[in-house]
Amino acid sequence: MQTINLGQTGVQVTALGIGAWAWGDSLFWNYGQNYGATQVKEAFDAAINAGITFFDTAEVYGKGESERLLGQFSQHSPTPVTIATKYAPFPWRTRAVSVSSAVAQSLSRLQLTQIPLYQVHWPFSFLMNQKTLMNALADEVEKGTIVAVGVSNYSAEQMKQAHQILAQRGIPLGVNQVKYSLLSRKVETKGIVATAKDLGITLLAYSPLAQGLLTGKYHPSSPQKPDGGRRMDARFSAKGLEKIAPVLNLLTHLASQYQKTPAQVALNWLIAQGNVIPIPGAKNAAQARENAGALGWQLTHSEVAQLEEVSRPWLI
Ligand SMILES: NC(=O)c1ccc[n+]([C@@H]2O[C@H](COP(=O)([O-])OP(=O)(O)OC[C@H]3O[C@@H](n4cnc5c(N)ncnc54)[C@H](OP(=O)(O)O)[C@@H]3O)[C@@H](O)[C@H]2O)c1
């Protein structure tokens, strides 16, 4: 199994992870309606059987339910797993003690004594500045409650600042988790990809399948419509789906050459960027297995370049 180091933190994970936002979440996803605990447990098991041991969650997903489910599943897993979770910088969390109490609650839901990767979910720093926040995270590393520190949705500048503050404590910033796919490439134009490479920070690519669009299962003539929060998303409208047809046509063509699926090609393209770990969501075993199949083979340079070209409209 291909593995990658999370920046210079010493934490090593599989080159693809599984995102667990949809596990327990009924605010955006339809957890409890067309899929539930049985299906997501099967997704977890299928990921492990396919060699994927890296899972991403957050304290806010399903109001803690995603962490609770991952905690239960990993307790019963014969294979050790690496869990990444996230701290929500809510405006009412104004003091460093908020960080230690959030860490303690995540540890309890995850049934862990140490969190392998702890990320700041978004860069809200109005009432608790980055210095206080990063130093509170550094304290947790020193206490041993977390191993590696990450951020999420940080700009290039914010990432540099977080990196510098942690460096003063001798702690590397491991990752920046950002929205990155063939249909979301602003991280390239905004300097995030280049800055992460310069500073030795790994990027975790969230929504790497553009929330299902890059699987090709949603298309203008398909009876299948997305559920949950995506019903309001214009990208899933007939017009939106027509716009992405050139990308999907190329994905489908390349997939047929390798006997892979469009989703696997889309994830393989992200891995080909280097320093990027996609964390696709999976609601059931079939999706987890399929997403794991993005590993173990490689698109050629020319195919990577063709996908880059067809997806240029999404650089802005
Ligand atoms: N840091 C942040 O701010 C942030 C934001 C968003 C997400 N994330 C993280 O990134 C992870 C992934 O992002 P995401 O869930 O937004 O988007 P995604 O991975 O692009 O899409 C996931 C959805 O696509 C469909 N899908 C996935 N694999 C499939 C397959 N092989 N075949 C067919 N359909 C498939 C499923 O929904 P349907 O079956 O219903 O189509 C699934 O829920 C999340 O779980 C979370 O851990 C982080």
Side-chain angles (χ1 to χ4, degrees), residues 16-36 39-40 43-44 46-47 50 52 54-62 65-67 69-70 83-89 117-124 150-154 175-184 187 192 203-219 222 224-231 233 235-236 241 244 248 251 255 260-270 276-295:
L16 180 134
I18 293 288
W21 176 16
W23 300 7
D25 175 87
S26 49
L27 268 179
F28 184 89
W29 301 100
N30 262 10
Y31 184 80
Q33 292 191 38
N34 46 7
Y35 74 102
Q39 287 70 31
V40 301
F44 177 88
I52 306 293
F54 180 40
F55 296 88
D56 179 73
T57 182
E59 59 170 339
V60 293
Y61 294 168
E65 190 59 15
S66 174
E67 286 187 336
L69 288 166
L70 256 177
I83 294 179
T85 192
K86 306 185 199 83
Y87 168 82
L117 173 64
Y118 197 62
Q119 307 153 102
V120 179
H121 208 147
W122 57 85
F124 181 83
V151 294
S152 177
N153 297 304
Y154 273 45
V175 309
N176 188 6
Q177 182 178 139
V178 290
K179 193 198 245 183
Y180 193 13
S181 75
L182 283 162
L183 301 180
S184 288
V187 285
I192 294 170
L203 292 180
L204 301 193
Y206 77 68
S207 304
L209 297 173
Q211 298 197 326
L213 282 171
L214 290 167
T215 65
K217 71 182 174 184
Y218 300 111
H219 50 88
S222 152
Q224 192 165 1
K225 301 277 174 253
D227 57 25
R230 294 171 298 175
R231 276 176 308 176
D233 186 337
R235 295 176 310 164
F236 288 85
L241 293 168
I244 67 169
L248 277 177
L251 285 174
K260 297 285 173 193
T261 64
Q264 290 169 334
V265 177
L267 296 171
N268 198 279
W269 179 83
L270 276 172
V276 176
I277 303 176
I279 48 164
K283 289 174 164 171
N284 54 48
Q287 292 183 354
R289 252 192 309 274
E290 181 177 336
N291 298 343
L295 292 179

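Order of listing sets the numbers, starting from 1, for every ligand and every atom in it.
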Q: Using a strict cut-off of 4.0 Å, indicate which atoms of ligand 1 neighbour a heavy atom of Tyr218.
A: 38 (P), 40 (O), 41 (O)
Q. Going by the order shown, which atoms of ligand 1 are within less than 4.0 Å of some heavy atom of His121?
A. 1 (N), 2 (C), 3 (O)
Report the nearest protein non-hydrogen atom to [atom]: residue, atom name, distance rounded to 0.1 Å.
{"atom": "atom 21 (O) of ligand 1", "answer": "Gln211 CA, 3.3 Å"}
{"atom": "atom 11 (C) of ligand 1", "answer": "Ile279 O, 3.1 Å"}
{"atom": "atom 23 (C) of ligand 1", "answer": "Trp29 CH2, 3.8 Å"}
{"atom": "atom 47 (O) of ligand 1", "answer": "Asp56 OD2, 2.7 Å"}
{"atom": "atom 46 (C) of ligand 1", "answer": "Tyr61 OH, 3.4 Å"}
{"atom": "atom 14 (P) of ligand 1", "answer": "Ser207 OG, 3.6 Å"}

Q: Select the closest option to atom 39 (O) of ligand 1 among Lys217, Gln264, Arg289, judged by heavy-atom distance.
A: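 Answer by nearest heavy atom: Lys217.
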(Q) Please compare Phe28, Tyr206, Trp23 and report which has the shortest non-hydrogen distance to atom 6 (C) of ligand 1. (A) Tyr206
Q: Applying side chain to side chain donor-acceptor pair (under 3.5 Å) between Ser66 and each of Asp25, Thr57, Thr85, report the one that passes.
A: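 The side chain to side chain donor-acceptor pair (under 3.5 Å) with Ser66 is passed solely by Thr57 among Asp25, Thr57, Thr85.
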Q. Do any nitrogen or oxygen atoms of Ala22 lie less than 3.5 angstrom from nitrogen or oxygen atoms of ligand 1?
A.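 Such a contact does not occur with ligand 1.
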Strictly under 4.0 Å, does any heavy atom of [X] approach an atom of ligand 1?
{"X": "Ala282", "answer": "no"}
{"X": "Gln119", "answer": "no"}
{"X": "Pro208", "answer": "yes"}

Q: Give a yes or no on whether the backbone of Ala22 and the side-chain of Tyr35 come within a donor-acceptor separation of less than 3.5 Å.
A: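 Yes.
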Q. Hey, would you say the Tyr206 and Trp21 ring centroids sit under 6.0 Å apart?
A. no
Q | Tyr118 and Tyr87 aromatic ring geometry - parallel, tilted or perpendicular at 30°/60° bounds | A | tilted
Q | Qualifying residue for side-chain contact (heavy atoms from CB on, under 4.5 Å) with Pro278, from Leu270, Asn268, Leu204 | A | Leu270
(Q) Looking only at the side chains, is there a donor atom on one of Gln33 and Asp227 sitting less than 3.5 Å from an acceptor on the other? (A) no
